[in-house]
Protein chains: 4
Amino acid sequence: MVFILDQKSRYPIYEQLYQSVTRMAALGALEPEEQLPSVRALAQDLGVNPNTVQKAYQMLEHDGVIVSIPGKGSFLSKEGNAGSLWRTQILHKLHDDISEAADSGVEKSELHTLVDVCYEERGQKHD
Amino acid sequence: MVFILDQKSRYPIYEQLYQSVTRMAALGALEPEEQLPSVRALAQDLGVNPNTVQKAYQMLEHDGVIVSIPGKGSFLSKEGNAGSLWRTQILHKLHDDISEAADSGVEKSELHTLVDVCYEERGQKHD
Amino acid sequence: MVFILDQKSRYPIYEQLYQSVTRMAALGALEPEEQLPSVRALAQDLGVNPNTVQKAYQMLEHDGVIVSIPGKGSFLSKEGNAGSLWRTQILHKLHDDISEAADSGVEKSELHTLVDVCYEERGQKHD
Amino acid sequence: MVFILDQKSRYPIYEQLYQSVTRMAALGALEPEEQLPSVRALAQDLGVNPNTVQKAYQMLEHDGVIVSIPGKGSFLSKEGNAGSLWRTQILHKLHDDISEAADSGVEKSELHTLVDVCYEERGQKHD
DNA sequence: GTGGTCTAGACCACG
DNA sequence: GTGGTCTAGACCACA
């Protein structure tokens, strides 16, 4: 179970961790009901302050992505809350940005090209 | 000349102001060589500290969007730096978002559809 | 770690500090990845307001000389951005000065001689 | 009699004007005892505030480059104060910058090349 | 009047 | 503890 963090990012680590878990759950990389690493174990694994992991877990539980059971550990919630939430957020953000690009005079064809380019880049990375 | 700020936003005020000016310049709402409000005047107008406006103006000058002349005032740069800068920023943001969508399992065809939908909405607004 | 400032200089303090850090990094007096003093500590050390140090640090980060991580501190960038940046700046300044000398009627041979003289002085210092 | 000013320069206009006069006097473009334009005439000619011209003239008189006679006008001083002063300043500045370049690891040959390049550029401009 | 710099001191998010 | 943002208010050089 690997979470990728960028220490230099302008986004706080706990939020990167939150998104990382949500994303993996959305993609099915994490099974429903699967047990997550303990706060302390994950903190040590990532070389990060336990408080930071704790905060991410609290946010995840608050949003119904995971369930923490005192004395037992943290588990992904059974219902796939993460999946639909994640997709919705991404598509909503894209909608806003595309509209803004349109307002700024970007041609529709440019965006179609951009989409293709992004998917090609992604293909190459996985080679 | 109206700039809209959200004091509660997670983004700093000076950055909102920076983007606001850049955007208006890119859309042609501000004329090249046009004089911007003075630091103090705009600060009072926005209900914000002059230093905050100052920082935004200095960032804009650093990026070649405006020219500030001590004792005279601040003016939009004549060359359309704002336009290209804005385009670059928005396309960069879109690139990141699309890549994230792709990583999250969104199909390429969905994005092409989304682009078309956005441009249709835009068309209707102008009817 | 000593930075020398001239409070009476016509150049702002934050710029003196910026150049001081860049110069020391370029000369190897600061190690890559080395942690710089905290904003507050350096401000107190220099007898200067923290905001002034902050501005210098932000300029350094903007130019890729250092990396500031909220909650952790500021560190010299590992890649030797400082070195090339410093060289660029100093050669640019020399270019301007030489051009001005040329415009003012200084003979080319005089400048070649001046260069030699300077390097000889430097040689003697190290004897 | 043409003085070139850069409104956007970080250097104040009165100083640009001061240097412009000194430089032209040093090059012989202005004759000793030659009469300079009146403060008001020059101000209007340059599109600049009379106070600014006034300040430049005062500095020039203070440094013995010109002599202002109330009711008659301003004249270049007979002895070529400007010439030697100007050369000295330029060469001194160059000496410092070259030494700093040397300290920063710039090779002597690079500077000789730079000198040649600058003089070539100058040649082209006058074609 | 303008922009530019600096100080003193506050609050915040983060680790 | 750290860096980041913001305020209030001062002083300066310049036009």
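Remember, it's a predicted structure, so these values are computed and weren't measured experimentally. Here is how names work: the chains are called A, B, and so on, in the same order as the sequence lines, proteins then strands, and each is numbered from 1.
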**Request:** Would you indicate whether the side-chain heavy atoms of C:Y14 and C:V48 approach each other to under 4.5 Å?
**Result:**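 When only atoms from C-beta onward are counted, C:Y14 and C:V48 do not touch, as no gap falls below 4.5 Å.
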**Prompt:** Is B:Y18 close to B:D63 at the side-chain level, that is, under 4.5 Å between some pair of heavy atoms?
**Reply:**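 In short, these two side chains touch, coming nearer than 4.5 Å.
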**Prompt:** To the nearest angstrom, how far is C:Y14 atom OH from E:dT7 atom P?
**Reply:** 13 Å
Quick one: label [X] by what it contacts on the DNA or RNA (base, sugar-phosphate, nothing), any heavy atom closer than 4.0 Å.
| X | answer |
| --- | --- |
| C:V48 | sugar-phosphate |
| D:E15 | nothing |
| B:Q54 | base |
| B:Q35 | nothing |
| A:N49 | sugar-phosphate |

**Message:** So if I apply the side chain to side chain contact (heavy atoms under 4.5 Å, CB included) rule between B:V53 and each of B:I13, B:D45, B:L36, B:L42, which one comes out positive?
**Reply:**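 With B:V53 as partner, side chain to side chain contact (heavy atoms under 4.5 Å, CB included) holds for just one option, B:L42.
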**Message:** Using heavy-atom distances to pick each residue's nearest nucleotide on DNA chain F, tell me which of B:Y11 and C:G71 is more 5'.
**Reply:**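 Of the two residues, C:G71 wins.
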**Asked** Hey, which of these two, D:P12 or C:I69, hits DNA chain F nearer its 5' end, going by closest nucleotide?
**Response**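 Result of the comparison: C:I69.
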**Prompt:** Shortest non-hydrogen contact from D:F75 to D:G73?
**Reply:**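 In this case the closest contact between D:F75 and D:G73 is CE1-O, 3.5 Å.
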**Complete:** Closest to the side chain of B:T52, out of F:dG3, F:dC6, E:dT2, is F:dC6
**Request:** Between E:dT7, E:dG3, F:dA15, spot the one nearest the side chain of B:N51, thanks.
**Result:** E:dT7
